[in-house]
> 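Got a structure for you, written out below as structure tokens; questions coming shortly.
Throughout, residue positions are numbered sequentially from 1 according to the sequence presented.
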Amino acid sequence: MRTWTLAVVSVAFVGVTTSGSAWAARPFLSTERGPTLEHGTSRVEVGLDASRFSSETTRYTLKTELTSGLLTKLDFKVEAPYLFTSGPGGTQGEVGDVVFRPKLLLLEGREANPLFLATELVLKFPSCDETSAAGAVTPSCTGEADLGVLAIASKEFRPVTVHLNLGYTFVGSPPGRSLDDVVNYSLAFEYDTVLPAIAVVTELSGSTSRDQSVSDALLDLLIGVTYEVNRRVVLDTSLAVGLSSASPDYTAVLGMSYTF
């Protein structure tokens, strides 16, 4: 089994940082890993998230991500979601916000010191309809662009990997509405089990609210499993529970990645 790289410290200025709508390395909700994709290599990731809210509304997010190693130590990710919202008013589907994320590796980990440092630009385009049912339960769906920078540090402690993210989001405010910028953070672990292809992951993630009328911050706890079918294909599943009233009651995650 390929050894999972454990990303230890990430300082993130991200455009989409709310639980259930954040974009991250599979199968996390908010955490990014430090290493970039090798030059000439690409990866397709597909996943389905189901977030249940106390309002008896469920949001399903079909995520498609394409990452390409453009240059040595530089990759580029495009993320495109499709949202389905099911609740008392019926079911509605729509395109979510598209996100572009180029990432530059600043320091590559070595055997003597497996520490990775990277930075990532995050640009969210307002392709989501904030007036829809899906937009109503997706805080990042504001109808305005968000811009940020993601700084990432990664370290490995075999067989455990640890990720720490701390960040800030510059949030675009739509006309007639004032939104706060967002501070976000996450702490995540990956553990290579004695079974050759299976790793266990955990994540604690949270963020402040961009809506000034909501005082409660988001906080979620996730646990999951990844299964490396072969060098190209990895399957994953995880379950997150909301630890604050602003978070979804739970979020179930299922997906796969294919590297070529």
> Of all residues at least two apart in sequence or in a different chain, which pass the side-chain contact (heavy atoms from CB on, under 4.5 Å) check with Thr41?
Leu37, Glu38, Thr259
> Using side-chain contact (heavy atoms from CB on, under 4.5 Å) as the criterion, list what pairs up with Tyr191, not counting sequence neighbours.
Pro159, Val160, Thr193
> If the plane angle is over 60° it's perpendicular, under 30° parallel, otherwise tilted; pick one for Phe170 and Tyr168.
perpendicular
> Determine whether Lys63 and Asp49 satisfy the following criterion, salt bridge (Lys or Arg N to Asp or Glu O under 4.0 Å), listing intermediate values before the conclusion.
CA-CA 8 Å; Lys63 298 180 178 181; Asp49 298 0; 2.8 Å; yes
> I want to check something: taking the side chain as every heavy atom from C-beta on, are Thr57 and Thr85 in contact at a cut-off of under 4.5 Å?
yes
> With rounding to the nearest 0.5 angstrom, report the CD to OG1 distance, Glu120 to Thr36.
10.5 Å
> Kindly indicate, with the supporting measurements, whether the criterion salt bridge (Lys or Arg N to Asp or Glu O under 4.0 Å) is fulfilled by Glu65 and Lys77.
CA-CA 7 Å; Glu65 306 175 38; Lys77 180 187 292 187; 3.5 Å; yes
> Quick one: does Ile198's side chain get under 4.5 Å of Tyr227's, heavy atoms only?
yes
> Given Val182, which of Asp146, Thr169, Leu218 fulfils the side chain to side chain contact (heavy atoms under 4.5 Å, CB included) condition?
Thr169
> For the pair Phe125 and Phe100, name the ring-plane relationship: parallel under 30°, tilted 30 to 60°, perpendicular over 60°.
perpendicular
> What distance separates Ser68 OG from Phe76 CZ, expressed to the nearest 0.5 Å?
9.5 Å
> Apply the test salt bridge (Lys or Arg N to Asp or Glu O under 4.0 Å) to residues Asp249 and Arg52: give CA-CA distance (whole Å), side-chain angles for both, the deciding distance (0.1 Å), then the verdict.
CA-CA 6 Å; Asp249 294 338; Arg52 177 70 174 182; 5.5 Å; no
> Do the side-chain N and O atoms of Glu190 and His163 include a donor-acceptor pair separated by under 3.5 angstrom?
yes
> Is it the case that Glu203 and Thr31 place a side-chain donor and acceptor less than 3.5 Å from each other?
yes
> Among Val171, Val99, Val98, whose side chain to side chain contact (heavy atoms under 4.5 Å, CB included) with Lys124 holds?
Val99
> Please lay out, stage by stage, how Ser186 and Ser30 fare under the test side chain to side chain donor-acceptor pair (under 3.5 Å).
CA-CA 7 Å; Ser186 67; Ser30 301; 5.7 Å; no
